[in-house]
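The next block holds one structure in the form of structure tokens; read it before the comments.
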Number of protein chains: 2
Amino acid sequence: MQGTPRARWLDAEQQRDWRAYLRASRLLETALDRDLQEHGVQLSEYEIISMLSEAPGRHLRMSALADLVVQSRSRLTHTANRLERRGWVERRPSAGDRRGIDLVLTAEGRRALEGMAPVHVESVRRNLLNHLSADEFHALGSAMRSIADGIRSQAPGHDVGKGTDAI
Amino acid sequence: MQGTPRARWLDAEQQRDWRAYLRASRLLETALDRDLQEHGVQLSEYEIISMLSEAPGRHLRMSALADLVVQSRSRLTHTANRLERRGWVERRPSAGDRRGIDLVLTAEGRRALEGMAPVHVESVRRNLLNHLSADEFHALGSAMRSIADGIRSQAPGHDVGKGTDAI
DNA sequence: GACATCTAGTTGAACTTTCAATCATTCTTC
DNA sequence: GAAGAATGATTGAAAGTTCAACTAGATGTC
């Protein structure tokens with residue numbers, strides 16, 4: 001717990017676990033993406049329309065959506081263009097702030113999502129849920145929540161309090 | 001537990017945990033990548049030279065390496081070209097099989113890796129390890145190992161036994 | 001109320017990844 | 001031992017992502 005100035009290497013077990021994480025997270029991403037791609041979308045596109053479908057009024061501001069799906073704004077702009085060309089989303093100026101743009105899920109987008117959702121759920125089960133007990137899966141979720149919170153708490157704009165890491 | 005033919009949706013808690021996984025895995029990837037990019041490499045490039053450095057003789061066959069880091073062969077070919085241009089790796093015909101190519105870490109590549117390793121370890125600690133207890137982290141590693149095993153056991157080429165999934 | 005500063009979103013070029021086609025070699029099997 | 005199938009790696013074009021620069025509107029400040 002004493003902060004040593006120099007980076008300590010990981011011990012053998014940590015190293016093994018870290019490698020396991022890295023490898024599995026990629027296998028999983030690849031598998032989920034492949035399954036959705038048979039239906040003509042990428043996972044990252046699916047996420048966008050899925051978030052929109054759950055948002056009140058089926059719309060979200062570009063910046064809020066970008067944060068939610070962890071994509072850069074620029075990437076979201078380009079992806080939204082693709083989705084718009086397919087008729088799945090539309091852009092609308094957001095109420096109140098004239099800089100803002102709302103991305104709205106169209107009826108056609110909703111239908112497309114409804115067609116893909118069962119495929120995707122089945123894929124999540126087959127590639128993830130089926131390999132863990134309910135407890136293991138829930139522990140995975142909690143651990144990942146802690147990680148997300150931890151990372152966000154160091155993000156720029158977050159006031160960390162007193163210098164945890166003075167150069 | 002009775003296999004219903006139709007996809008069951010996820011229950012609210014599973015959904016929450018799955019979303020947490022997705023979001024955190026992306027925040028983590030982004031954070032680790034950003035930290036390495038300050039030193040001019042992407043995480044996926046770092047992984048390649050790091051695997052090479054640990055391999056006996058500091059070399060691996062392209063196909064073995066591609067599997068190890070979960071990249072397509074084509075992607076690895078392109079990435080290896082970039083690394084080769086920087087003088088960090090070299091290609092050599094592999095012994096025995098004249099179709100094969102070994103990717104070898106150069107002395108310069110090793111030096112570069114040694115320079116970046118502490119940065120990367122610190123980043124893994126800061127973005128991942130520090131947010132979990134030792135037990136939680138180990139459980140995460142185990143869960144991810146199960147997932148990797150589960151996904152690979154369904155991969156094409158793996159004989160699954162009698163038809164688990166008749167059309 | 002005008003200045004700088006910050007936030008929201010877009011743009012196009014550069015870069016990376018994917019996709020389908022290709023070439024060479026090895027393995028099968030007949 | 002020759003034909004066909006499978007494996008290893010590469011190629012170049014298409015598709016997707018990042019990066020830096022930019023426009024427009026909001027916010028803070030003096």
Side-chain angles (χ1 to χ4, degrees), chain A residues 26 29-38 40-48 59-86 88-104 155-159, chain B residues 26 29-38 40-48 52 59-86 89-104 155-159:
Chain A
R26 274 153 192 196
E29 176 98 17
T30 305
L32 294 170
D33 218 46
R34 181 186 16 70
D35 289 347
L36 274 173
Q37 228 135 21
E38 277 162 27
V41 267
Q42 297 167 248
L43 179 54
S44 58
E45 293 170 336
Y46 182 90
E47 277 181 86
I48 289 171
H59 62 85
L60 284 168
R61 252 181 109 136
M62 292 292 279
S63 50
L65 185 50
D67 286 353
L68 213 52
V69 300
V70 194
Q71 294 187 17
S72 70
R73 276 140 204 243
S74 170
R75 181 177 176 185
L76 181 58
T77 293
H78 290 298
T79 307
N81 288 342
R82 284 193 316 264
L83 295 173
E84 203 172 22
R85 264 180 249 126
R86 294 202 216 179
W88 290 0
V89 302
E90 273 166 16
R91 271 177 242 248
R92 255 189 353 212
S94 22
D97 185 340
R98 281 191 307 164
R99 294 168 302 180
I101 298 281
D102 279 6
L103 207 60
V104 198
H158 233 275
D159 246 324
Chain B
R26 274 153 191 194
E29 175 98 17
T30 304
L32 294 170
D33 217 46
R34 183 187 12 72
D35 290 346
L36 274 173
Q37 228 134 21
E38 276 162 28
V41 268
Q42 297 168 251
L43 179 54
S44 58
E45 293 169 335
Y46 181 90
E47 278 181 84
I48 288 171
L52 289 178
H59 62 85
L60 282 169
R61 252 181 110 133
M62 293 291 280
S63 52
L65 184 51
D67 287 352
L68 213 52
V69 300
V70 194
Q71 293 189 16
S72 71
R73 277 141 203 242
S74 169
R75 181 178 176 184
L76 181 58
T77 292
H78 290 298
T79 307
N81 288 342
R82 288 195 309 267
L83 295 173
E84 202 171 23
R85 263 180 249 128
R86 294 203 216 177
V89 302
E90 274 166 14
R91 271 177 243 246
R92 254 187 354 211
S94 20
D97 186 339
R98 284 190 305 166
R99 292 166 303 181
I101 298 281
D102 279 6
L103 207 61
V104 198
H158 231 278
D159 245 326

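Keep in mind that the numbers below use all heavy atoms, side chains included, and drop hydrogens, waters and symmetry copies. Per chain, numbering begins at 1; letters A, B, ... match sequence-line order.
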request  = Dump the intermediate steps for side-chain contact (heavy atoms from CB on, under 4.5 Å) on B:Ile48 and B:Gln71, then the final yes or no.
outcome  = CA-CA 10 Å; B:Ile48 288 171; B:Gln71 293 189 16; 4.0 Å; yes
ask   = What string of B, S and - do you get for nucleotides 8-17 of chain D, 5' to 3', when a contact is any protein heavy atom under 4.0 Å?
value = SSBBB---SS
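- Partners of B:Glu90 by salt bridge (charged side-chain N to carboxylate O under 4.0 Å, His left out), not counting sequence neighbours: none found.
- Between the CD atom of B:Glu38 and the P atom of D:dC19 there is a distance of 11 Å, given to the nearest Å.
- A:Arg86 is linked by a side-chain hydrogen bond (donor to acceptor under 3.5 Å, both in side chains) to A:Glu45, counting only residues two or more places apart in sequence or in another chain.
- Here B:Arg75 pairs with nothing under the salt bridge (charged side-chain N to carboxylate O under 4.0 Å, His left out) rule; sequence neighbours left out.
- A sub-4.0 Å separation between OP1 or OP2 of C:dT26 and a side-chain N or O of B:Arg98 is present.
- To the nearest 0.5 Å, atoms CZ (A:Arg34) and CD (A:Glu38) are separated by 7.0 Å.
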ask   = So B:Thr30 and A:Val70, side-chain contact (heavy atoms from CB on, under 4.5 Å) or not? Walk me through it.
value = CA-CA 9 Å; B:Thr30 304; A:Val70 194; 4.0 Å; yes
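- The interatomic distance linking B:Ile48 (CD1) with C:dT16 (P) rounds to 12 Å, in whole Å.
- Counting only heavy atoms from C-beta outward, the side chains of B:Asp33 and B:Gln42 approach each other to under 4.5 Å.
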Please list, one pair per line, the donor and acceptor atoms closer than 3.5 Å that link side chains of residues 59-67 of chain A to other protein atoms, with sequence neighbours excluded.
unit_1  : atom_1 : unit_2   : atom_2 : d
A:His59 : ND1    : A:Asp102 : OD2    : 3.1
A:Arg61 : NH2    : A:Asp97  : OD2    : 3.4

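- Comparing the end axes of the helix from C:dG1-D:dC30 to C:dC30-D:dG1, each fitted to five base pairs by superposing C1' atoms of four pairs onto the next four, gives an inter-axis angle of 30° (nearest 10 degrees).
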